[in-house]
Amino acid sequence: MRAEFHWLALAALGVAAWWYAGKAREQADVVANRLCTELHCQRLDQAVSLARVRLARGAHGVTLRRVYRFEFSTTGADRRVGEIGLDNGHARWARLDHPDGPLHIDLGAARGSA
């Protein structure tokens, strides 16, 4: 009986991790679309990909930090890279390889929460 409970708990943990990872990817996708719209860029491939994931120390303790990468174009003929950093599923920053110079956008301050 105890072994079945452990397997059930492990399966539930796996489902929860998969669900939270999907929500974080959706959040990164929304932010990438918004950034491209606001900066008058064309979003390429309509996808974000997980570039890095690690534990990090944040203002409120240990957080799960994910960095998602996406591609965009400023002219329709170029291909540039952007990254979005999420802490525990909340967008905190974005970096874009813009032709006018690299852009670093603090998304945590824009949300109005720490």
Side-chain angles (χ1 to χ4, degrees):
M1 181 74 166
R2 181 171 240 160
E4 289 87 4
F5 176 75
H6 282 64
W7 283 112
L8 183 62
L10 187 61
L13 185 62
V15 168
W18 173 77
W19 186 79
Y20 281 115
K23 294 304 256 180
R25 194 198 70 62
E26 287 176 16
Q27 174 69 16
D29 196 43
V30 167
V31 171
N33 282 334
R34 190 183 78 219
L35 287 171
C36 287
T37 299
E38 291 175 1
L39 296 172
H40 306 290
C41 297
Q42 177 184 2
R43 176 96 184 271
L44 301 176
D45 304 329
Q46 299 302 311
V48 294
S49 61
L50 184 63
R52 292 185 299 278
V53 63
R54 68 181 179 99
L55 292 176
R57 186 171 295 185
H60 302 290
V62 176
T63 64
L64 184 63
R65 180 163 296 158
R66 293 180 177 104
V67 177
Y68 287 89
R69 189 168 285 154
F70 66 98
E71 293 184 334
F72 67 98
S73 176
T74 56
T75 65
D78 61 347
R79 195 168 195 93
R80 300 188 171 275
V81 175
E83 290 185 332
I84 299 168
L86 283 78
D87 285 345
N88 288 338
H90 300 287
R92 298 297 183 203
W93 55 265
R95 272 184 279 222
L96 286 89
D97 174 29
H98 200 271
D100 296 335
L103 295 178
H104 182 85
I105 302 166
D106 183 6
L107 300 171
R111 284 178 8 114
S113 66

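The analysis underlying the following values was restricted to heavy atoms, covering all of them including side chains, and did not include hydrogens, waters or symmetry mates. Not measured: the values here are computed from a predicted model.
When all heavy atoms are compared, the tightest approach of Tyr68 to Ala21 is OH-O, 3.7 Å. In terms of heavy-atom proximity, Phe70 sits nearest to Ala47 at CB-O, 3.7 Å. Closest of all the heavy-atom pairs between Ala32 and Ile84 is N-CD1, 3.5 Å. In plain terms, the two heavy atoms of Asp29 and Gln46 that are nearest each other are OD1-O, 4.4 Å.
Asp97 CG to Glu83 CD: the interatomic distance, rounded to the nearest 0.5 Å, is 10.0 Å. Of the inter-residue distances, the one linking Leu64 atom CG with Asp87 atom CG reads 8.5 Å to the nearest 0.5 angstrom. Taking CG of Leu39 as the reference point, atom NE2 of His98 lies at 6.0 Å (rounded to 0.5 Å). Here CG of Leu35 is found 6.0 Å from CG of Leu96. Values are rounded to the nearest 0.5 Å. Taking CH2 of Trp93 as the start and CG of Asp106 as the end, the distance is 11.0 Å to the nearest 0.5 Å. Note: Asp78 CG to Gln42 CD = 9.0 Å, rounded to the nearest 0.5 Å.
Under a hydrophobic-cluster definition in which Ile, Leu, Val, Met, Phe, Trp and Tyr are linked whenever side-chain heavy atoms come within less than 4.5 Å, directly or via other members, Val67 and Leu107 are assigned to different clusters. Grouping the Ile, Leu, Val, Met, Phe, Trp and Tyr side chains by contacts below 4.5 angstrom, directly or via other members, places Val31 with Leu103. Hydrophobic cluster membership is shared by Leu50 and Phe72, with clusters built from Ile, Leu, Val, Met, Phe, Trp and Tyr side chains linked at under 4.5 angstrom. Both Val53 and Leu55 are assigned to one and the same hydrophobic cluster, defined by single-linkage of ILVMFWY side chains at heavy-atom distances under 4.5 Å.
Evaluated for a side chain to side chain contact (heavy atoms under 4.5 Å, CB included) with Leu86, the options Arg65, Arg25, Gln27 yield exactly one hit, Gln27.
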